[in-house]
Amino acid sequence: MIFEWCRFAVAVVCFVIGILFMVLAVFGVNRFDRALNRMHAAALGDTLGILFVFLGLILMRGWSMDSLKLFLVILFFWMASPVSGHMISRLEATTDESLGEIQVIRKETEKAAGSGQAEAMGTENENGGGRE
């Protein structure tokens with residue numbers, strides 16, 4: 001009797017963790033701007049969320065043919081998800097022209113100060129005043 005309650009408690013913990021990962025994945029998909037970042041957030045829900053929910057179902061059901069089927073579904077998801085994610089990210093990488101651009105936000109004063117220092121260092125090196 002105690003063993004069944006412990007198994008039930010562990011299954012509930014697995015359900016809660018799995019649902020938490022899925023909810024975080026939903027927020028991540030809606031939060032991020034780029035497609036590759038969204039895919040990473042969705043992959044967490046896809047792999048870890050489904051793993052913990054199905055693991056909770058396996059623990060609730062006990063060792064039976066149903067738990068074997070759920071385990072096989074977990075294996076299928078863990079094999080198919082990385083392949084499909086790789087194919088979608090490869091498509092995104094080949095079709096998005098702005099993927100390699102780095103967006104840097106700076107204040108105008110930092111830009112002016114940085115370019116003034118670079119010009120001063122360049123003149124010192126040309127005149128022989130800098131390090132060699």
Side-chain angles (χ1 to χ4, degrees):
M1 184 75 176
I2 298 290
F3 176 72
E4 291 176 10
W5 281 103
C6 292
R7 188 174 74 181
F8 179 75
V10 172
V12 168
V13 168
C14 286
F15 281 133
V16 169
I17 291 172
I19 291 171
L20 180 69
F21 272 116
M22 288 183 182
V23 168
L24 288 175
V26 167
F27 284 124
V29 167
N30 290 324
R31 159 85 171 73
F32 291 125
D33 296 330
R34 297 204 179 258
L36 295 176
N37 294 344
R38 289 179 182 172
M39 284 181 46
H40 178 70
L44 285 176
D46 190 23
T47 55
L48 293 176
I50 290 174
L51 169 75
F52 281 110
V53 168
F54 282 3
L55 190 63
L57 287 172
I58 289 171
L59 290 172
M60 291 276 272
R61 189 68 181 154
W63 301 113
S64 66
M65 190 59 85
D66 294 335
S67 62
L68 177 66
K69 290 176 188 177
L70 288 170
F71 180 72
L72 291 175
V73 170
I74 290 172
L75 286 180
F76 173 75
F77 270 109
W78 275 43
M79 284 190 279
S81 180
V83 173
S84 63
H86 177 74
M87 291 173 66
I88 294 170
S89 65
R90 191 173 187 188
L91 175 72
E92 177 67 20
T94 57
T95 58
D96 190 8
E97 295 90 18
S98 66
L99 190 61
E101 295 177 5
I102 298 174
Q103 297 176 353
V104 178
I105 301 172
R106 295 183 187 172
K107 295 179 184 176
E108 282 298 318
T109 57
E110 291 177 357
K111 285 184 182 178
S115 63
Q117 289 176 355
E119 289 174 3
M121 289 177 64
T123 56
E124 287 180 4
N125 286 338
E126 291 173 358
N127 295 335
R131 287 191 204 169
E132 294 182 16

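Only heavy atoms go into these numbers, but all of them, side chains included; no hydrogens, no water, no symmetry mates.
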Do other residues, nucleotides or ligands put more than 12 heavy atoms under 6.0 Å from the CZ atom of R31? no
Please step through side chain to side chain contact (heavy atoms under 4.5 Å, CB included) for the pair L72 and F76, ending with a clear verdict. CA-CA 6 Å; L72 291 175; F76 173 75; over 6 Å; no
Nearest-0.5 Å distance, [atom1] of residue [X] to [atom2] of residue [Y]:
| X | Y | atom1 | atom2 | value |
| --- | --- | --- | --- | --- |
| I74 | S67 | CD1 | OG | 10.0 Å |
| F32 | F27 | CZ | CZ | 13.0 Å |
| F77 | T47 | CZ | OG1 | 11.0 Å |

According to a hydrophobic-cluster definition based on side-chain heavy atoms being under 4.5 Å apart (Ile, Leu, Val, Met, Phe, Trp, Tyr only), do [X] and [Y] belong together?
| X | Y | value |
| --- | --- | --- |
| L75 | V73 | yes |
| F8 | I2 | no |
| F71 | I50 | yes |

Compile the donor-acceptor pairs under 3.5 Å between side chains in residues 51-64 and protein atoms, sequence neighbours left out, one pair per line.
| residue | atom | partner | partner atom | Å |
| --- | --- | --- | --- | --- |
| R61 | NE | D66 | OD2 | 2.8 |
| R61 | NH2 | D66 | OD2 | 2.9 |
| S64 | OG | D66 | N | 3.3 |

Step by step, would you call V29 with M39 a side chain to side chain contact (heavy atoms under 4.5 Å, CB included)? CA-CA 7 Å; V29 167; M39 284 181 46; over 6 Å; no
Do L48 and M22 have side-chain heavy atoms sitting under 4.5 Å apart? no
For V26, does its backbone N or O pair with a side-chain atom of N30 as donor and acceptor, under 3.5 Å? yes
Indicate yes or no for a side-chain donor-acceptor contact from S81 to the backbone of W78 under 3.5 Å, with no hydrogens or angles considered. no
Which residue pairs pass the salt bridge (Lys or Arg N to Asp or Glu O under 4.0 Å) test when at least one of the two sits in residues 9-25, sequence neighbours left out? none
